[in-house]
Number of protein chains: 2
Amino acid sequence: MTEPVVAPGRARGGRRDEILTTFTRHVAERGYDRANFGDVAAELGMSKGTIVHHFGTKDRMLAEVQERYMRRRLDEAHAFLGRLGAPDERVAAFVHAGVRYSTHEPATTVAFQREVVRLTDEPGMETARAQRDAYRDLVVAVLQDGVEAGVFVPGDARLRSLQMFGSLHWMWTWFDPAGRLRPEDVAAEFCRTLLRGLGVGEERVSAAADPAGSVARCVAEVCAPRS
Amino acid sequence: MTEPVVAPGRARGGRRDEILTTFTRHVAERGYDRANFGDVAAELGMSKGTIVHHFGTKDRMLAEVQERYMRRRLDEAHAFLGRLGAPDERVAAFVHAGVRYSTHEPATTVAFQREVVRLTDEPGMETARAQRDAYRDLVVAVLQDGVEAGVFVPGDARLRSLQMFGSLHWMWTWFDPAGRLRPEDVAAEFCRTLLRGLGVGEERVSAAADPAGSVARCVAEVCAPRS
DNA sequence: CTACTCTGCCCGTACGTGCGGTCAGTCCAC
DNA sequence: GTGGACTGACCGCACGTACGGGCAGAGTAG
């Protein structure tokens, strides 16, 4: 009926990736509980059984979505941390990156963010949870380093990281990638308020927040569309 | 079987409030989709039919939870805005109040926050959505006033409000009211970073963030446990 | 080249379960 | 009698997933 988009010689992973992509979008749009095999299968013109064949259970499917997402985020974070040294620049990079995800990978980002809570509860999510914790630890370490280096005013690094993550992870509830609000502007404003709030001087704040500045450019290069 | 906790002479509204409270807790713990009539009824030792009798549908039940929650938040906000005049104090009050909810009304707060997205999608949520918008507008107005009065450095009030709400609304994913992290400390740290980020001077930042200061006390009085 | 087998992708169906909601009817207060 | 609170049996449906089989390409022996 629906002719195969891939070459008839069978794609490497079959339609596995296709399934995961569609499922991710459905989770982003309706949430995990409301996303179901039937709709995904119908949209792809395949049987529900095919999905089960590839992933086993719905839980495992979500776990794989989360793990793939976090792996990319971790790789990117390590990449830009390797290029940026100053704590204020590093914090700004996390903000620029966080906003960038919402635009460049809206589906996976929303799916991840609206279902984060399952990382805590559900079994089978240990890997994804560990990845998330690792990411958070990177941010906490940067905030801590900044305080010790005297770049940031003294304060609780962990609480600050939660305050920062909150702003970014909440974006899925209001940010529309197709809207007229530009992501660079969001990132810039968030950067300015946050860095100023950490006690960084106005000149360095402006430089790090600038959408055309070196920090934003570094993040853009590192987070380039993957192969 | 289970003897009625209320006086045998039948409570005022019947067991309506009891049902709503238990349902709210279930939504907070499992999310709306996983919360169901059967479990609520079993926990209260009543029939599913009773719940339907009082509320009609599950949707309406959630709508009522959200509306009740937002009405209280709006009342409180108007109350402390009436007592505080300075923009920085007002912003601090919103933060103190936001953190306070997570401790004093954990169930309703978590239920509201984890299901906010339904305010946008679902029909029947118009009232709750309007209340939420009204609350947000209060914050935006305060931020805007602060900029115009020269108390805050220039910047986008709407974006700043979203940044602020994000930090507070994300709390449900990590804050444990029974944990050893004290809510006053969270509020203080959030206040300091935010106000400093808005360009407020260090002395006023400390005063407004102080858990024992006048702003925090004002919020505590206004948000006192309701009758 | 041919024939056979193996293997992995995919299909369709059927089953069990959980849940929202219906309904007829009971009990009790006024 | 009237009306509201409450019950418990029941319905229909949606959804996860188990299962048996079909089918095409790869490998292999002759």
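What you are looking at is a predicted structure, and each value in this text was computed from that prediction instead of being measured. Every chain is numbered from 1 and lettered A, B, ... according to where its sequence line falls, protein lines coming before strand lines.
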S.K.: How long is the line joining CG of A:D17 and P of C:dC9, in whole Å?
M.R.: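 Taking CG of A:D17 and P of C:dC9, I get 12 Å after rounding.
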S.K.: Mind checking what makes side chain to side chain contact (heavy atoms under 4.5 Å, CB included) contact with B:T57, not counting sequence neighbours?
M.R.: B:D59, B:R60
S.K.: Rounded to whole angstrom units, what separation is found between the CE atom of B:M46 and the C1' atom of C:dC27?
M.R.: 16 Å
S.K.: Among D:dT17, C:dC11, C:dG21, which nucleotide has an atom closest to any side-chain atom of A:R15?
M.R.: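 Shortest atom-to-atom distance from the side chain points to C:dC11.
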S.K.: Kindly state which residues belonging to residues 19-43 of chain B come within less than 4.0 angstrom of DNA chain C, counting heavy atoms of the residue only, listed by number.
M.R.: B:A35, B:N36, B:F37
S.K.: Regarding B:R100 and B:E76, does a basic nitrogen lie under 4.0 Å from an acidic carboxylate oxygen?
M.R.: no
S.K.: To the nearest Å, give me how far apart NZ (A:K58) and P (D:dA14) are.
M.R.: 15 Å
S.K.: What pairs meet the salt bridge (Lys or Arg N to Asp or Glu O under 4.0 Å) rule with one or both residues in residues 29-41 of chain A, with sequence neighbours excluded?
M.R.: A:R25-A:E29, A:R30-A:D39, A:D33-A:R118, A:D33-B:R34, A:R34-B:D33, A:R34-B:E122
S.K.: Looking at A:H53, does any N or O in its side chain come under 4.0 Å of the phosphate oxygens OP1/OP2 on C:dC9?
M.R.: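 Indeed, a polar side-chain atom of A:H53 lies that close.
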S.K.: Would you mind reading off the distance between B:I51 atom CD1 and D:dT7 atom C1', rounded to a whole angstrom?
M.R.: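 The answer, rounded to whole Å, is 12 Å.
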S.K.: Is B:K48 side chain donor-acceptor paired with the C:dG20 base, going by distance under 3.5 Å alone?
M.R.: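 Yes, the side chain and the base share a sub-3.5 Å donor-acceptor pair.
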S.K.: Provide the full list of ring pair (Phe, Tyr, Trp, His ring centres under 6.0 Å) pairs with a residue in residues 57-81 of chain A, sequence neighbours left out, each pair given once.
M.R.: A:Y69-A:F112, A:F80-A:F94
S.K.: Can you identify which nucleotide, out of C:dC9, C:dG20, C:dC11, has its nearest atom closest to the A:T50 side chain?
M.R.: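 Among C:dC9, C:dG20, C:dC11, the one nearest the side chain of A:T50 is C:dC11.
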S.K.: Nearest whole angstrom, please: distance from the C1' of D:dC6 to the CZ of B:F55.
M.R.: 14 Å
S.K.: Tell me the interatomic distance from B:R16, atom CZ, to D:dG4, atom P, rounded to whole angstroms.
M.R.: 14 Å
S.K.: Using side chain to side chain contact (heavy atoms under 4.5 Å, CB included) as the criterion, list what pairs up with B:A128, not counting sequence neighbours.
M.R.: B:Q66, B:E67, B:L119, B:Q131
S.K.: According to salt bridge (Lys or Arg N to Asp or Glu O under 4.0 Å), does anything in residues 132-143 of chain B pair up with another residue at least two apart or in another chain? List the pairs.
M.R.: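 Passing the test, one end in residues 132-143 of chain B: B:D133-B:R136.
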